[in-house]
Number of protein chains: 2
Amino acid sequence: MAIDPTGVNQPGVRSRLSLLMALVGSAIADRGDEALRATGGLDAMDYMVLAVLDESEPGSQLELARLCGSAPGKIVGILDQLEQRGIVVRERDPHDRRRSIVRLTADGRTVLEGADAIVEGVEAELLADLTADERGQLHDLLRRIDVSRTVA
Amino acid sequence: MAIDPTGVNQPGVRSRLSLLMALVGSAIADRGDEALRATGGLDAMDYMVLAVLDESEPGSQLELARLCGSAPGKIVGILDQLEQRGIVVRERDPHDRRRSIVRLTADGRTVLEGADAIVEGVEAELLADLTADERGQLHDLLRRIDVSRTVA
DNA sequence: TATTGTTATACTCTATAACTATA
DNA sequence: TATAGTTATAGAGTATAACAATA
């Protein structure tokens, strides 16, 4: 039996925006993770770290962890593996030798581009029912949500 | 130091729609879960189950599990607790005594309404930068994404 | 004394597969 | 023999706090 014979998706949570957001977010995360593992040799968290390094320049591992929404202790193992594979490098900040400046290598940038292509493929499939214009609207709306806002 | 002095949110993932979807979905899930636990005595998964029961009529626990995107074995414990608290009831299907029909009780419906209010509060806070119209657009776009689509 | 990165420990969560009852 | 619900177990994943180096 098909889940959705009548064209109704997400049966059971359609009227609740929060649940839709959580469900769609989890769907893209799960599928992206699966595709990356199968094709790219990374996982979703690796990809997040690389994307953050591509778009920001965190001044320390702690800041990187915060930008990734991850605990400092979790980043360590991820970076260990990425560094071992030549995808990132850690350099000590000369002004404060406690800090590690993490950077993408040239190889790392190539790996990230491949990962982007894989993730965009998954994304195109999940968003197949939306026009390019609508995907742009979705992107713009999500960009305007401040996930760092403190809960009152 | 503020994360976002220039109005730029989600630094590090802004250009990647998939990561934004995953990040925003995870943010609302985490905050909803926290608020529900603190105020409502439920967690996010409990809320999902109740919402699915409210909007659908699953003919078995297996179907309920599928609608919740959860493993059958996970639903058991959740329903045990919800049933113990009088929020749901399990009845054997008279046509097939292997199946459990799960239903919200009247009390359960009241609990769900309270949970909806809590979650909507969290949602309003997270989406504070969007107008009511834009929240409607977001809802409509997400509704049109078919998370049950099979990965090719 | 405070902060950065790291490590170790304990805890939670989850997936898996057996098991019972019913079909 | 197959399916629905349940239970038990092992394994993965995570949070927490202690630790060493630097400020």
Side-chain angles (χ1 to χ4, degrees), chain A residues 1 3 22-23 26-27 29-34 36-38 42-49 52-53 56-84 88-103, chain B residues 1 3 22-23 26-27 29-34 36-38 42-49 52-53 56-84 88-103:
Chain A
M1 185 189 76
I3 289 179
L23 202 59
S26 159
D30 288 351
R31 288 165 189 226
D33 185 68
E34 191 180 1
L36 283 171
R37 283 175 195 271
L42 304 174
D43 65 17
M45 200 58 209
D46 295 329
Y47 178 62
M48 175 99 187
V49 169
V52 167
L53 290 176
S56 306
E57 293 197 348
S60 68
Q61 276 188 209
L62 280 185
E63 192 187 347
L64 172 60
R66 191 172 46 72
L67 289 172
C68 293
S70 168
K74 252 170 75 176
I75 292 289
V76 176
I78 296 170
L79 291 179
D80 286 349
Q81 293 200 318
L82 291 175
E83 193 170 29
Q84 216 166 5
V88 304
V89 284
R90 278 189 267 216
E91 301 162 12
R92 287 288 165 185
D93 181 344
H95 299 340
D96 182 346
R97 294 186 40 72
R98 291 172 304 180
R99 295 168 182 265
S100 270
I101 312 287
V102 185
R103 268 188 261 273
Chain B
M1 184 190 75
I3 288 180
L23 201 60
S26 160
D30 289 350
R31 287 165 189 225
D33 186 67
E34 191 181 1
L36 284 170
R37 282 175 195 270
L42 303 173
D43 65 17
M45 199 59 209
D46 295 329
Y47 178 62
M48 175 100 187
V49 168
V52 167
L53 290 175
S56 307
E57 293 196 349
S60 68
Q61 276 189 209
L62 281 185
E63 192 186 348
L64 173 60
R66 192 173 45 72
L67 290 171
C68 293
S70 167
K74 253 169 75 175
I75 292 291
V76 176
I78 295 170
L79 291 178
D80 286 348
Q81 292 200 317
L82 291 175
E83 193 171 28
Q84 215 167 4
V88 305
V89 284
R90 277 190 267 215
E91 301 162 12
R92 287 288 166 185
D93 180 343
H95 300 338
D96 181 345
R97 294 186 38 74
R98 291 173 305 180
R99 294 168 182 266
S100 270
I101 312 287
V102 186
R103 267 189 262 274

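Reminder, nothing fancy here: chain letters follow the sequence lines and each chain counts from 1.
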Inset, instruction - Applying salt bridge (Lys or Arg N to Asp or Glu O under 4.0 Å), name anything that partners A:E57, two or more places apart in sequence or on another chain. - result: none

Legend entry - Annotated protein contacts, base or backbone, on nucleotides 3-22 of chain D with a non-hydrogen cut-off under 4.0 Å, one of B, S, - each: BSSSB------SS------B

Legend entry - Listed partners of A:R92 passing side chain to side chain donor-acceptor pair (under 3.5 Å), at least two apart: none

Legend entry - Test salt bridge (Lys or Arg N to Asp or Glu O under 4.0 Å) applied to A:D96 - qualifying residues, sequence neighbours left out: A:R98, A:R99

Legend entry - Residues forming a salt bridge (Lys or Arg N to Asp or Glu O under 4.0 Å) with A:R97, sequence neighbours excluded: none

Inset, instruction - Using atom CG of B:D93 as one end and atom C1' of C:dA23 as the other, report the distance to the nearest whole Å. - result: 12 Å

Inset, instruction - Using side chain to side chain donor-acceptor pair (under 3.5 Å) as the criterion, list what pairs up with A:E83, not counting sequence neighbours. - result: A:R90

